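Letters go in sequence order (proteins before strands), and every chain restarts at 1. Note that the coordinates shown come from a computational prediction; the quantities given were computed from them, not determined experimentally.
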Amino acid sequence: MNNAANLQISRCKLSNFVLSIPLFMSNYLEELNPEQKAAVQCTDGPVMIIAGAGSGKTRVLTYRIAYLMEQGADAFNILSLTFTNKAAREMKGRIGYIMGDEAKNLWMGTFHSVFSKILRMEAGNIGFNNNFTIYDSDDSKSLMKSLIKNEGLDDKIYKVNSVLNRISSAKNNLIHYQEYQNNDHLVSEDKIAGRPRLGQLYEAYCRKCKASDAMDFDDLLYYMYVLLKNHPDVLNKYQNKFKYILVDEFQDTNYAQYVIIRKLAAKHENICVVGDDAQSIYAFRGATIQNILNFEKDYSDLKTFKLEQNYRSTKTIVQAANSVIKNNQYQLDKDIWTQNDNGNQIRLLKALSDNEEGHLVANTIFQDKMNLQMPNKDFAILYRTNAQSRSMEEALRKLNIHYRIYGGISFYKRKEIKDLLAYFRLSINPQDEEAFKRVINYPKREIGKTTMDKLSIAADAKQISIWDICENIHLEPISIAPKTKKRISDFVAMIKNFNIMANKKNAFEVASHIANATGLIRDLYADRTPEGISHYENIQELLNGIKEFIDTGQAALDAPSSETVNNEMRLLGEYMADIALLTDADSKKNDDNDDFVSLMTIHMAKGLEFKQVFVVGLEENLFPSQLSLQTRNELEEERRLFYVALTRAEQQLTITHAATRYRWGNLITSERSRFIDEIDPKYIDDKTPKRAQERPQERPSKNWSGFGRAISTTAPSLPSRFKKLKSSKPKNGQTTANFEGDDLDNMKVGMKVEHQRFGLGEVISIEGLFPDHKATVEFENLDGQKQLLLKYAKLKIIRS
DNA sequence: GGAGGCCTCGGAAGG
DNA sequence: CGAGGCCTCC
């Protein structure tokens, strides 16, 4: 936004709200193209906006909300749902920028956070306490693990993740465990999968969560549905409240989300969904494109708008992406175009190995930075799997290019943080059994596994919670030593004390007290190793965050807070409700140098844009993933993922692939991805260095339909594809004509050898059995040693 | 109760 | 290969 806009805003605040806004509005409505403008101004009735990549979707959503407010809608009556906190925060910021303080009253947040807010208020209706715990996926896992064990099931067959996935998808499809158990189809599927007891596990899991006054992430949707379905008065209340409903990233919604928003919108039917079927990349976790199709069926008076003008990328990029996505059979009719310049062709780089791919990318970035005077932050490297970041990192580090990897371990998933949070949880909800199990013996208070098992058995026998047993531990006829019983009752007393305090003092006071009184701080402080120090610092950071919460009243953004804001008295329970749904992406990082190259998976890159984008690892079985080759749907999702990757770029796209790559310790050869050949060749500039073009392309490039390729990929597609190459002249060998490796039988320790890329070195040791002889070689020009499989490395003996 | 050895398994990831 | 879970042995 420019200064003029700024001025407008301050004027809004100063002068009469209603009068000054339209002046401003009329200005920015002119910024919109006709289709965008129509989508913004069509405020009554159901609306679907199909928004192509880079088509100004966020702008339309933002302006639409502003427009609604300008037209007299009360912010309290507008519900806007997103998938990530980040998206919600950004949008709220933008609207705040336009509309001022009034934006605070919008209901805007993720599905999960808005629903959890409502569920807390209405908890009594569905038999929950309003301070119920939200179980994260680790809690779910741990609970399921113990259930599988208790039921005496084989955890090799009942794999925790598979079981939880199955339950998750049942909940996302609004199938209660009773219904699940009565559903012949589901039951027989489980039987065939060798897991006939899955339905029982589902039930046990739900009962346990309920007893612990806990909901997992899927429950936040499922119970929201139950609440609205079984309590007409509640439904009515929220239907009246939410006169306008907006849903972002509609292509990522699952069935439960669809049903809930449809229910909420049933009265006013002012519902606007925005999405792009071409960017649907989350079907694997339950999102269904079917929602878009259903939407058209469910609302006969639906008005559909298509935003097809791309403002982000060059013509080359837009048209290249189009040429890829048109290979998908299932898609809405669209014609994405741009007025932008043609721009450069897409660079295609081929490397011999994954490491060389890293160097190629890093060098190219280095050169572009010099030639084009671009800062690091204009570059992004996108990959299919996290494991691919390693070679990129190493190469960037060598050239001293500052980078940052997105994704990784969340702050809130660190052990020490989870430990302290578990104390907080328990102090607020003593029935939270996962929290209880986590901290009962941390820091050490000599209440071990044996004792826990006895408590657990006793609790099951009496059909009460472990906490309830512990509360009266001295009265329980359990064979636990009096000494241990005393320790347990001390623990209970401590938690009860915290609980009382949590309702009287502010969050920061209580949190600091807990951190100290439990001995957790002392325990962490005692560890002076670098890791130990960092654990300690993380705890301090958490406490600082709580202090900030008290001081600034920085709260979740999802809904207007009705309470008078008295920050000093913000309770620990409020803090916990606030952060339960936060993820690492939400914790602000302070980096002294914020000019860095971004490294992330394509999934993480969705919604972002960069001047220069490198999409790496374009190889069959990696991208598309070998796991996606079974069905057309999955392959199409991979293709949409590729489409997302391409459309992140504003100016320059670079695509790379490597002929060989280490995968789980084995070197594999890789065929280049069919997706490369789906790009219309006229947009591609093959920059492959000469030395890498050691063999003719086995396919003529006009054979790009993917048809010919399908044959090669219908070959064994599971791990068998990854088995080691035979040592005898590999068909796709990486040798160049004039670099013949010597016979590995002659290789001896101490020999001086030459490697095609690493240069001269000395053999330190040789191990492994034929044909997997592996040599450790120390190269003169490299740090440390390299382990090389002789059958691939083609070492040349220089001197014995 | 805890360290270390052994085995298994490996996709992407929001809340 | 490498991380994480589990089990064993002290």
Quiz item: Contact class for A:Ser625 vs. all strands (heavy atom < 4.0 Å): base, sugar-phosphate, or nothing?
Solution: base
Practice problem: Map A:Ile281 and A:Asn441 onto DNA chain B by nearest heavy atom, then report which one ends up closer to the 5' terminus. | Solution: A:Asn441
Quiz prompt | Ion pair check, A:Asp419 and A:Arg438, cut-off under 4.0 Å | solution = yes
Self-check item: For atom CZ of A:Phe132 and atom C1' of B:dG15, their distance in whole Å
Solution: 13 Å
Quiz prompt | Quiz item: cation-pi between A:Arg640 and A:Tyr643, 6.0 Å / 45° | solution = no
Quiz item: Only one of A:Asp218, A:Asn254, A:Asn173 forms a side chain to side chain donor-acceptor pair (under 3.5 Å) with A:Ser168, so which one is it?
Solution: A:Asp218
Exercise. Could you tell me how the ring of A:Tyr258 sits relative to the ring of A:Phe250: parallel (under 30°), tilted (30 to 60°) or perpendicular (over 60°)?
Key: tilted
Exercise. Provide the distance between the two C1' atoms, one in B:dG14 and one in C:dA3, to the nearest whole Å.
Key: 24 Å
Quiz item: Are the ring of A:Phe284 and the six-membered base ring of B:dG11 within the stacking cut-offs of under 5.5 Å and under 30°?
Solution: no
Quiz item: Atom OH of A:Tyr412 and atom C1' of B:dG14: how far apart are they, to the nearest Å?
Solution: 16 Å
Quiz item: Between A:Asn386 and B:dG10, does any side-chain N or O lie under 4.0 Å from OP1 or OP2?
Solution: no
Quiz prompt | Atom-pair distance (OH on A:Tyr223; C1' on B:dG15), nearest Å | solution = 17 Å
Quiz item: Has A:Thr601 got a side-chain N or O lying under 4.0 Å from the OP1 or OP2 atom of B:dA13?
Solution: yes
Exercise. Name the nucleic acid region contacted by A:Asp218, choosing base, sugar-phosphate or nothing; use a 4.0 angstrom heavy-atom cut-off, strictly under.
Key: base
Quiz item: Is any side-chain N or O of A:Asn85 closer than 4.0 Å to OP1 or OP2 of B:dG15?
Solution: yes
Exercise. Would you indicate what A:Lys156 reaches in the nucleic acid, counting non-hydrogen atoms under 4.0 angstrom: base, sugar-phosphate, or nothing?
Key: nothing
Quiz item: In terms of side-chain heavy atoms of A:His603, which of C:dC1, B:dG15, B:dA13 is nearest?
Solution: B:dA13
Exercise. Using the C1' atoms only, state how far C:dC6 lies from B:dG11, rounded to an integer number of Å.
Key: 24 Å
Quiz item: Please give, in whole Å, the distance from B:dG11 P to A:Gln626 CD?
Solution: 9 Å
Quiz prompt | Integer-rounded Å distance: B:dG1 C1' and A:Ile440 CD1 | solution = 16 Å
Quiz item: Is the base of B:dG10 touched by the side chain of A:Arg663 through a donor-acceptor pair closer than 3.5 angstrom?
Solution: no
Quiz item: For A:Phe132, which residues count as a ring pair (Phe, Tyr, Trp, His ring centres under 6.0 Å) partner, sequence neighbours excluded?
Solution: none
Exercise. Using a strict 4.0 Å threshold on nitrogen-to-oxygen distance, state whether A:Asp219 and A:Lys171 make a salt bridge.
Key: yes
Quiz item: Tell me: CD of A:Glu638 to C1' of B:dA13, nearest whole Å?
Solution: 14 Å
Practice problem: Ignoring the backbone of A:Lys145, work out which of C:dG5, B:dA13, B:dG11 is nearest its side chain. | Solution: C:dG5
Self-check item: Nearest-angstrom distance from the residue atom CZ of A:Arg445 to P of B:dG1
Solution: 13 Å
Quiz item: With sugar-phosphate meaning primed atoms plus P, OP1 and OP2, does A:Gln388 contact a base, only sugar-phosphate, or nothing at under 4.0 Å between heavy atoms?
Solution: nothing
Exercise. Between A:Lys159 and A:Glu637, name the one whose nearest nucleotide on DNA chain B is closer to the 5' end.
Key: A:Lys159
Practice problem: Round to a whole Å and report the spacing from CG of A:Asp252 to C1' of B:dG15. | Solution: 13 Å
Quiz item: Can you tell which of B:dG15, B:dA13, B:dG11 lies closest to the side chain of A:Arg285?
Solution: B:dA13
